Every structure is written in C-alpha cells, then in structure tokens.
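Comments concern the structure below.
Since the structure is predicted, the reported quantities are computational estimates derived from the model, not experimental observations.
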Amino acid sequence: MATTENSKRSAPRPWTVRRVLGIVGNLLACFAVLAGAALAIKWINDTEPSAQQVNATRKSAAIVETVVVTRGTHAPKLAVLGTVRPAQEIVLSPQVSGRVVELSDKFVPGGMVLQGDLLLKLDPADFENAVSIRKSELEKANASLQIEKARQELAEKELALLEGSIDNANRGLVLREPQIASIRADLSAAQASLERAQLDLERTRVVAPFDAQILTRSVNVGSQVGSGDELAQLVGVQQYWVIAAIPVRNLRWLDFPEEQNSGGAGNGSRPKAGATVRLRDSDSWPEDTIRKGRLARMIGTLDQQTRLARLLVTVEDPLGMESQAPPLILNSLIEVEIEGRPIENVVRLNRAWVRDGETVWVMKENQLEIRDTEIVFRDADFAYIRKGLENGEEVVTSTLATVANGVGLKKAETSVASEDLETTP
C-alpha cells in the first residue's frame, strides 16, 4: 500500500509536461525568426547595387555676371529704430482758483491752438471786485498824500516866520517829512496791490503758452479748479524729437553738429549742422514716403536694457501743417536712417557679394580668384572695403557650384554657351 502511494507522488503531472513543451516550442520559434532575419539581411547586402565614383570634368567656363568696382568716398547709412517724442510738453494748470465758465471750441483732445489763443476762462467776478477795492485804496492813499503835501506847504510858511528859532533836528518834523514818507509807502503798497489784483484778473483767462496740440483735457464748464490743478496736457507742434539707439562702436561714424559756443563758430562762420536723417514709417505712411530730420546730439547715458547709445534727432513741422508731409505720431516706432561720416578711398560693394570669411570672388584673366579683403564698415546694404580690391577689377556676383582658385569663368554678356559636364565611371 505504501509503494503504491509513493509511485503516485513521483509520476509527473500532465500540466507540468505541457508547460515545459510550450517553453521549448517558444524558444525554437525565436531561434527560427532570428535565423530568418539574419539570412534576409545577408541576401539584401549581397544583392545591393554598388556605387561607382563619377569624376566630373568641366569642359567649358562657368558663365557669370560681374560688376566693375571703383574706389571713392562714400557715406554709409546707419539704419536703426527710433521713438517719436515731443520736444515741448506741459501739463497746463491755472495760477488762480475759480469756476470754469467758458471753454474754447479748440480746447478738445487733438485740437490745434496758437500761442496766445484763449483755452478757458474762470469766473472773473471776485477778481474784478478785488480790482475795484485796490483802486479805491490807491485813490485813498493818493488823496492822503495830496492832503499831507498841503499841510507841508503850510508848515513851510509857518517855519519861515519862525526862522532861527527851530534847530535843524526838528526842522523835518515841522515840515511833516515822516508823515509824507509814510503816506508814500502806503501809496506804493496800494499800487502794488492793484497791479496784483489786475494780474489775477488776467489769469482768469488761460491761454496757450505756445503753438500746441491738445492731448488731454481734464475740466469742463462748471468745474471748480484750484491753483496747480491739471487742466490739460499740451505738446508743441513746431518740433518733435526722435530718440534712436545705435551700438556704441558706430558713434565714430556719425557727424554731430557744432555747438553755438564752440570755437569753430566763433570766427563768423555758421556752425556745422548735424547729419541728415531720413525717417520712414511703413505702417502708416504711403509707400516710399520719406521725412527728413537732423542729428542733434548724443544723449549722455546708455539704455539700461540694451546697452546702446541713444541719439536725439530733431524734426521740424512734425505734423506737416506747412507741407504735405505725413504727420509723425507720438510714441510710435519709426525707421531711422542716419547718414554717416564719409569714408575715403574705399570700395562700396553690395553685402550679398561678400562671401564667407570676408572674401570676394574676382574674375581675373577669365579665372576665379578668391580675394581676402579688409572691411572697414558694414551698413544694411553695403560693405565698405579698404583693402583687397582695386579700381577696375571685376567682382563676380553670380552663385557658383564650384568655388576654387583658377576655375574658368566667362561673362554672361559675351557668351551664351551652357556649362557642359563630361562624366566618366
């Protein structure tokens, strides 16, 4: 009985045999897949076509376009962005307190006013009353002076009768000189009070301090205002500023104006004006429209964020009131092109024709010559070359597939033959 139970325990269970056979089958399948993949890769490598080296030989010269360069004196143009600012800007305030009783039709945002134009009027009643009072005080002081002068004349007659009996120390008292001096002082004070009252009355009429445009208005008829309260914001229309920024290294190429008190202007000659500046606004102006300004001076500090030098450009008649020029808009960004200081004895070449490493392609004896150059300055369009090119040399402007010294070239206007390649395996 015990033997039978032991045999049952040692016999393998059916589910265990099936599991082992499954694992062995999976392994055999994986090996088969890997072997098939290896055979496929070997077959692809064996049947892939082999690449053959092709040597290209140019049978004719490359057809190119060229320009003949000349040395001369050229003025570079520095293109930057600038911000339009007012040259004159004030917050208008009254000098006296009162109630607004009248506003000018021009005293509205965007309105144009001339120097001296009435903008608003304060209630003058209290100030007119003050003027009347000060006039009466002045008249009273004047009458007192006349009375005192009459008394002085009488005292002079009495003094003549008592000649020799009154010493010099008391002579002024007898002639009422202290009383007359006091009344004269009162008369002067009354006159000053009257002038102050008249001035306050004039100040009830608030006028434009210069030719200006109204940007904002803060009051209306009936507003009660005090001295120093804001009435409006005005900007002058005779001149605007454009604040532009350029790299510090480019300052040496700019012509700033001579100051009026500089030594150059002391010999009777007119001081030198600043460089010409051309302004463009592609967003709001008609195409190809340009306005001109003048470089005025350099602002003494760098921009804290960009570390660029800031320039001040002046623009006369900014709103085009005396011409048909488009108006400048305050706080707008505008394109600024400053005419730089002339550079002597250089070749001015389009920047697109300067190749990598500041080289240019020169056509010399119908062959390509890669020429190193020394570029003094680059602006938005041109490179100004000091060394590397001479008068009459031809610079290649075309793009070449093969770039090497000695490549054959032919100018397009003298030949129409196409480039021919001979290939050999």
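Here Thr73 contributes atom OG1 and Glu344 contributes atom CD; the two are 4.5 Å apart, rounded to the nearest 0.5 Å. Taking CD of Glu316 as the start and CD of Gln239 as the end, the distance is 4.5 Å to the nearest 0.5 Å. Atom NZ of residue Lys292 and atom CD of residue Glu337 lie 11.0 Å apart, to the nearest 0.5 angstrom. Interatomic distance, CG of Leu319 versus CD of Gln238, reported as 9.5 Å (0.5 Å rounding). Summarising the geometry, atom CG belonging to Asp379 is positioned 11.5 Å from atom CD belonging to Glu339; distances are rounded to the nearest 0.5 Å. To the nearest 0.5 Å, atom CZ of residue Phe210 and atom CD1 of residue Ile90 are 4.0 Å apart.
Among Lys364, Arg371, Lys411, the one residue that satisfies the salt bridge (Lys or Arg N to Asp or Glu O under 4.0 Å) test with Glu394 is Lys411. Shown are Asp211, Thr216, Leu92; of these, the side chain to side chain contact (heavy atoms under 4.5 Å, CB included) with Leu234 is made only by Leu92. For the side chain to side chain contact (heavy atoms under 4.5 Å, CB included) with Val313, the qualifying choice from Val242, Val84, Ile243 is Val242, the only one to do so. For the side chain to side chain contact (heavy atoms under 4.5 Å, CB included) criterion with Leu120, the lone passing option out of Asn220, Val207, Val206 is Val206. Checked options Leu251, Val336, Leu308; the residue passing with Ile246 is Leu251 (criterion: side chain to side chain contact (heavy atoms under 4.5 Å, CB included)).
Heavy atoms only, all atoms of each residue included: Val96 and Asp200 are closest at CG1-OD1, 3.8 Å. Contact record, Arg71 with Asn345: NH1-O, 2.7 Å, taken as the closest heavy-atom pair. Considering every non-hydrogen atom in both Val354 and Ala383, the closest pair reads CG2-CB, 3.9 Å.
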Query raised in the report: For Glu335 and Arg280, what are the C-alpha separation, side-chain angles and deciding distance, and is it a salt bridge (Lys or Arg N to Asp or Glu O under 4.0 Å)?
Result: CA-CA 5 Å; Glu335 299 173 25; Arg280 297 183 181 87; 5.2 Å; no
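The pair Arg134-Glu137 meets the salt-bridge criterion, with a side-chain N (NZ, NE, NH1 or NH2) lying under 4.0 Å from an Asp/Glu carboxylate O.
Within 6.0 Å of NZ on Lys77 lie more than 12 heavy atoms contributed by other residues, nucleotides or ligands.
A 4.5 Å side-chain heavy-atom check between Leu311 and Ile299 finds every atom pair outside the cut-off.
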